[in-house]
Amino acid sequence: QVQLVESGGGLVQAGGSLRLSCAPATRTFTTGAMGWFRQAPGKERELVAAISWNGGTTEYTDSVKGRFTISRDNAKNTVYLQMNSLKPEDAAVYYCAARTGWVAAVTPGSYNYWGQGAQVTVSS
């Protein structure tokens, strides 16, 4: 089973920035489309952003549009989530996900592989 490894979570003040990174633990594994999801306590896992295999298409949930940017570097087999202007309501565990399909997908069930999660805490 392919494991995805996230990094870059942490504690930040409201208005601050963080960048999350994600790559397969097995460097020879090539991912298709990838996404970032988040889950806050007592809430369902929700899409934050997704990106197609070639980076040509991206999807964002409305609450992060204009503040978050998803990108990927296929040479490094890595996907990033740049998070700016963070708000307390952005606090959650952020999960990286990958799918074998090439098209960006918005539902968790569309993804085949998941990371362990990275905690993002935003203080007000």
Side-chain angles (χ1 to χ4, degrees):
Q1 182 72 7
V2 174
Q3 181 182 358
L4 301 175
V5 180
E6 300 112 334
S7 62
L11 170 65
V12 65
Q13 288 188 331
S17 299
L18 284 174
R19 189 176 81 155
L20 302 180
S21 301
C22 171
T26 304
R27 299 186 68 178
T28 56
F29 179 75
T30 300
T31 60
M34 299 187 74
W36 288 96
F37 290 77
R38 66 186 179 188
Q39 188 166 18
K43 295 187 177 181
E44 294 186 353
R45 190 169 298 190
E46 64 169 354
L47 172 77
V48 177
I51 189 167
S52 61
W53 176 80
N54 65 357
T57 302
T58 56
E59 302 281 353
Y60 295 92
T61 193
D62 286 345
S63 63
V64 307
K65 287 180 180 177
R67 300 188 297 123
F68 290 13
T69 302
I70 188 170
S71 61
R72 66 187 298 162
D73 183 342
N74 285 348
K76 297 181 179 180
N77 213 14
T78 300
V79 66
Y80 305 95
L81 184 68
Q82 177 66 44
M83 304 184 291
N84 298 328
S85 302
L86 281 159
K87 304 175 180 180
E89 52 263 42
D90 294 318
V93 177
Y94 282 69
Y95 296 92
C96 174
R99 62 193 302 261
T100 53
W102 292 10
V103 177
V106 300
T107 57
S110 300
Y111 289 83
N112 309 101
Y113 310 103
W114 291 85
Q116 296 298 308
Q119 179 70 51
V120 171
T121 304
V122 184
S123 63
S124 57

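Positions are given from 1 along the sequence.
- To the nearest 0.5 angstrom, Leu86 atom CG is 6.5 Å from Arg67 atom CZ.
- Counting heavy atoms from C-beta on, the side chains of Arg38 and Lys43 never come closer than 4.5 Å.
- Gly117 and Val93 make their closest contact through CA-CG1, 3.7 Å (heavy atoms, listed as atom of the first residue, atom of the second, distance).
- Residues forming a side chain to side chain contact (heavy atoms under 4.5 Å, CB included) with Lys65 (at least two apart in sequence, or on another chain): Tyr60, Asp62.
- Judged by distance alone, the side chain of Gln82 and the main-chain N or O of Arg19 form no donor-acceptor pair under 3.5 Å.
- In this structure, the separation between CD on Glu89 and OG on Ser63 is 8.0 Å, given to the nearest 0.5 Å.
- Minimum heavy-atom separation, Ser110 to Thr107: OG-OG1, 2.7 Å.
- Within a 6.0 Å radius of CD in Gln116, other residues, nucleotides and ligands contribute 12 heavy atoms or fewer.
- Here the CE atom belonging to Met34 is positioned 12.0 Å from the OG atom belonging to Ser52, to the nearest 0.5 angstrom.
- Side-chain atoms of Gln119 do not come within 3.5 Å of backbone N or O of Gly9 as any donor-acceptor pair.
- Under the rule for a side chain to side chain contact (heavy atoms under 4.5 Å, CB included), the partners of Ser71 that lie at least two apart in sequence or sit in another chain are Tyr80.
- The minimum heavy-atom distance linking Ser124 with Ala14 is given by the pair CA-CB, 4.3 Å.
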_Trp114/Cys96 under side chain to side chain contact (heavy atoms under 4.5 Å, CB included): CA gap, chis, key distance, verdict_ = CA-CA 6 Å; Trp114 291 85; Cys96 174; over 6 Å; no

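- A heavy-atom distance below 4.5 Å is found between the side chains of Pro24 and Leu4.
- Ile51 places none of its side-chain heavy atoms less than 4.5 Å from the side chain of Trp36.
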Problem - Test side chain to side chain contact (heavy atoms under 4.5 Å, CB included) applied to Tyr113 and Thr100, step by step - result: CA-CA 9 Å; Tyr113 310 103; Thr100 53; 4.1 Å; yes

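- Residues Trp53 and Asn74 have side chains in contact (heavy-atom distance under 4.5 Å, counting atoms from C-beta outward).
- The cluster map of Ile, Leu, Val, Met, Phe, Trp and Tyr, joined by side-chain heavy atoms under 4.5 Å apart, puts Tyr95 and Val79 in different clusters.
- Counting heavy atoms from C-beta outward, Ile70 and Phe68 have side chains that stay 4.5 Å or more apart.
- Contact check for Phe37 versus Tyr111: side-chain heavy atoms found under the 4.5 Å cut-off.
- Panel note: side chain Arg72, backbone Gly55; no donor-acceptor pair is recorded below 3.5 Å.
- The heavy-atom pair separating Leu47 from Ala105 by the smallest distance is CD1-O, 4.2 Å.
- In this view, Val120 and Leu18, Leu20, Met83, Tyr94, Val122 satisfy the side chain to side chain contact (heavy atoms under 4.5 Å, CB included) rule, not counting sequence neighbours.
- To the nearest 0.5 Å, the span separating CD on Glu6 from SG on Cys22 amounts to 5.5 Å.
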